[in-house]
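Encoded as structure tokens, the structure appears first; notes follow it.
Every chain is numbered from 1, with letters handed out A, B, ... down the list of sequences. Just so it is clear, the model here is predicted, and its values are computed rather than measured.
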Amino acid sequence: MTKFRVISFYTAIFVVLFALMGLFSKGLNFGLDFTGGYLTEFSTNQPVSLQAMNEMITLFIADDFQLSSAENGSYWTVRTPDNSASGNSWLFNFIEAQKILAGDIDKALIVTPQDAVYIGSQVGEELINQGGLALLTALVIILLYLSFRFEWRLAIGAVAALFHDVIIVLGIFAWLGLSFDLTILASILAIIGYSLNDSIIVGDRIREIMKTNKENNIDTIINSAIKTTLVRTLITSGTTLATIVAIWFFAGDSLHGFAVSLFSGILVGTFSSIAISATLPKLVGLRADYYQQKALEQEALCQLP
Amino acid sequence: MNFPKKAPRRIVKWQHLVLLLTLILMVISALPNFYGDKATLNITNKLEAPKHLTEQLIPELSPQTIKQLLHEQNIQVSSVKSSADGFSIVLAKQEHLAKAKQVLIDTLPDDKVVEGAIKNDSPSWLKQLGGQPIKLGLDLSGGVLFVLDVDIERAISDKVADIALDIKSLAREQRIRALKVKQVSATSIKVDFSSTNSKSTKALFKQVLSTYPELIQQKLSAQQVSFTFTEQATTTFRQQTMAQTLKTMRGRIEELGITEAVTQKQGKNRIRIELPGVHDPEEAKRIIGATASLDFYQLAKHNNSINVKHIRNEYGQLLSLNNKVIFSGSNIKNAQAGRDEMGSPLVNLRLDALGGKKMSDFSKRNIGAPMITVFSEYYRDANNELMKKSKVISEATIQGHLSSVFSITNMKSTAAAQELALLLRAGSLAAPVTIVKQRTIAATLGDDNIDNGVKALVIGVSITLIFMALWYRALGMIANVALACNLLSLLGLMSLLPGAVLTLPGIAGLVLTVGMAVDTNVLIFERIKEEIKKGLSPLLAIERGYKNASATIFDANITTMITGIILYSIGYGPVKGFALILCLGILTSMFTGILISKAITNVVINRNDTILLGAK
């Protein structure tokens, strides 16, 4: 068990490095929410359903795009990325194609371009700075709270596991080139919550065993803490993963990235709660008799006067 | 939930009552979400319509004829009711609302008024309790689109006019008489010093250039110079103005708590705002108060000097204001309505560093003088000309040397204080803004997408519920009841928050939060199993299990809560919405997972039966 944990720990470090490599070499493929892009508006002479229009223009736009409608499906807005390969010419092609169709069918669609303009990002620049600062604050507060409730070494373990999970998920998005939008950012938030939850439950059990047991081997304590919480970890991860898999397979494209992010996040979160948050504290010097020592110290303090 | 009349001895009954009441409250708040929206059209007679005309027409118009009229246009109608005032039509599909309205307006005689609205379909008693469904995001139900035009040219021109005024007052301070200062174009000022001595003008021009480094000085003739905004300064000013306006708009929407709005820069000088959950552009316009700006002025000492603008206050009294603003709304960081020690309403203001300095300089010299707050709104008239409408919203007296934190006292009522605070908070815009386009937009996700999403979530939750029931038997069923309560409470809490907006990812997050809430019960139940393995009787094990697991659950949830709160306070869009769901989910899962499930366990399991618990 201990051996397994140590191997896992080093594997985790390796995977994090690999993820970082992806992040630095390929970078995240930021979605339209972050980058802004082109906004093209056109109108049609007859109402078209959102799905039908989506299918029609997919043929003309090479990249990701966002489609929305107004006026009962006769006014359309398309957002495409700034660096889009199809650029702004797709609408022209689309209109031409419709014109050719019009020769054959009487009820062909007449598409009239309305507006094409550059559009900025949804996220303000000030938010990125603020966001970084706030995340740092959050980390410090979590560290302080955990250090206050637990041993500081256990707190370090939980925070390291948190970094591990988030970096790996970001790495997956970088390596696979999946579009990273605001929804994915939100899912990272859920992963943070989940990761902390997992680490704390293991940490809590370690603390409890350290307090009550006379066991002197820290490895034995950690292993037994993992064993007693393993069923819980598997059940919670399992049911959550089942929900995510259902979203992945049935919910369609709109939640695809969201499901990928959460699935990988919870998988690595479960792994890191054992490989990192339970293993790291010992490496930075957690000792089995910490709480006994502390109790003794307090006794000594009380007896002083 | 029926509690047995004679509860076991160790249960304190009032606690159960409190739990039950809380739960009922949550369920009632969640209820409107289960009723769909319906599109209704009302046909009424115009008030001023001559009586004989309407009497003539009524026989032609009946529920049947209206139904038939709409059916001919392929619009499905679920019901038509006639009443003394007119007719009320409920459409089968919301998206037909606009079309149906048009059809009715076109075919009905002119003396009929047709109004359409999308309303929640909940029964009237629920509406009277103030029940509101959660607003749906742009992806699920669309909303309203605005395109705002930011008139940067006007802003530059205004700024240059301000500088011209400043040059005049600087000249006066330095006792240079008969200096002619004139704004000749949007970006340049001509200064003619032909009738004044030129020695001190040099010093003056130096001062002007040091105060406004963005200007360049050019010699036009021996007696004339011009100050012009540099090309670069104009570009920077443009960018800054756009960034500032965008920030203010985002701030206003944030102020309303709407989490899933989209605010983007469109083209060079436009801003595109998409507001979810609102279907009436007029209402949305009122919400964002898009085009308002605020300025704070000093009363002019000399009524007839050139640097004076005249404005009437609400009593029609003519006020003469010093043309130069003390500070403007863009310097306001925060404004809150409050009360002083005597209990009279006031507005507490906090300015940014620049505003604080301006206020400090001003108030030091003007204790006892009045300060006038002017609220201006820009609009385009019939000829598409930009017009400005200003009104005085507050007249306050400077009571002492003030700095960045001060209060506006002397408010007439608490309501007035609150309204002023809202206006002040809404901030000021650096440039005039007008609405150039407004339009209702449809959901960005198609019906089939939404159906699939919901189906996926139902499957996900079902798997969890079935697993819990099989694995933990009776306790699992209790956990499932707790989970259902959790989902309802979460919906209820979110319905109570006016700004909460639910998107498809938001719903997924909600389900996930509930899925994670299983954790609370799993932790407790595993603990109970452990205690049973140690040889404790099931009842004692249950007691111990709940007690021991609570500390762990508390620690785990508090940390997640910290993250959630911080991300909510800085987050934007989906991140903010998600953080909100996360935080509320933690609250409800602690409530239902620990308190409710404990209460049910106590009531249901009162035998020492191991099999019930699924423990081996």
Which atoms of [X] are under 4.5 Å from chain B, going by heavy atoms: the side chain, the backbone, both sets, or neither?
| X | result |
| --- | --- |
| A:R232 | both |
| A:L262 | side chain |
| A:F249 | neither |
| A:E208 | side chain |

Name the option with the most non-hydrogen atom pairs under 4.5 Å to chain A; the candidates are [options].
| options | result |
| --- | --- |
| B:I271, B:L246, B:I566 | B:I566 |
| B:L457, B:L504, B:N548 | B:L504 |
| B:R527, B:M468, B:M561 | B:R527 |
| B:G564, B:A551, B:P505, B:A579 | B:P505 |
| B:L523, B:I562, B:N557 | B:L523 |
| B:I558, B:T263, B:L138 | B:I558 |

Between [X] and [Y], which heavy-atom pair has the shortest distance, and what is it?
| X | Y | result |
| --- | --- | --- |
| B:G509 | A:F258 | N-CZ, 4.3 Å |
| B:R439 | A:A70 | CD-CB, 3.5 Å |
| B:A456 | A:I247 | CB-CA, 3.8 Å |
| B:G453 | A:A251 | CA-CB, 3.9 Å |
| A:A242 | B:I463 | CB-CG2, 3.7 Å |

Other residues, nucleotides and ligands only: do more than 12 of their heavy atoms fall within 6.0 Å of [atom1] on [X]?
| X | atom1 | result |
| --- | --- | --- |
| B:K547 | NZ | no |
| B:F554 | CZ | no |
| A:R153 | CZ | yes |

To the nearest 0.5 Å, tell me how far [X] [atom1] sits from [Y] [atom2].
| X | Y | atom1 | atom2 | result |
| --- | --- | --- | --- | --- |
| B:K265 | A:L39 | NZ | CG | 14.0 Å |
| B:D139 | A:S68 | CG | OG | 11.5 Å |
| A:T77 | B:I441 | OG1 | CD1 | 7.5 Å |

query = Which residue, B:D519, B:T560, B:T552, forms the side-chain hydrogen bond (donor to acceptor under 3.5 Å, both in side chains) with A:N197?
reply = B:D519
For the residue pair [X] and [Y], establish whether any side-chain heavy-atom pair is separated by less than 4.5 Å.
| X | Y | result |
| --- | --- | --- |
| A:T239 | B:F467 | yes |
| B:F578 | A:L182 | no |
| B:Y472 | A:I235 | yes |

Heavy atoms only, distances under 4.5 angstrom: which of [options] has the most pairs with chain B? Name it, please.
| options | value |
| --- | --- |
| A:G193, A:S187, A:A259, A:A158 | A:G193 |
| A:L255, A:T229, A:T183, A:D115 | A:L255 |
| A:S254, A:A186, A:S199 | A:A186 |
| A:L146, A:I201, A:D33, A:L139 | A:I201 |
| A:T233, A:L189, A:I142 | A:L189 |
| A:G238, A:S69, A:A138, A:G203 | A:S69 |

Any salt bridge between [X] and [Y], counting N to O under 4.0 Å?
| X | Y | result |
| --- | --- | --- |
| B:E526 | A:K227 | no |
| A:E41 | B:K437 | yes |
| B:D555 | A:R207 | yes |

Short side-chain to backbone donor-acceptor contact, B:Q266 and A:I119, under 3.5 Å = no
message = Show every salt bridge (charged side-chain N to carboxylate O under 4.0 Å, His left out) that has at least one partner inside residues 237-254 of chain A, sequence neighbours left out.
response =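 For residues 237-254 of chain A: none.
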task = Check B:T563, B:T559, B:L582 against A:I192 for a side chain to side chain contact (heavy atoms under 4.5 Å, CB included) and give me the one that passes.
result =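 Only one of B:T563, B:T559, B:L582 forms a side chain to side chain contact (heavy atoms under 4.5 Å, CB included) with A:I192, namely B:T563.
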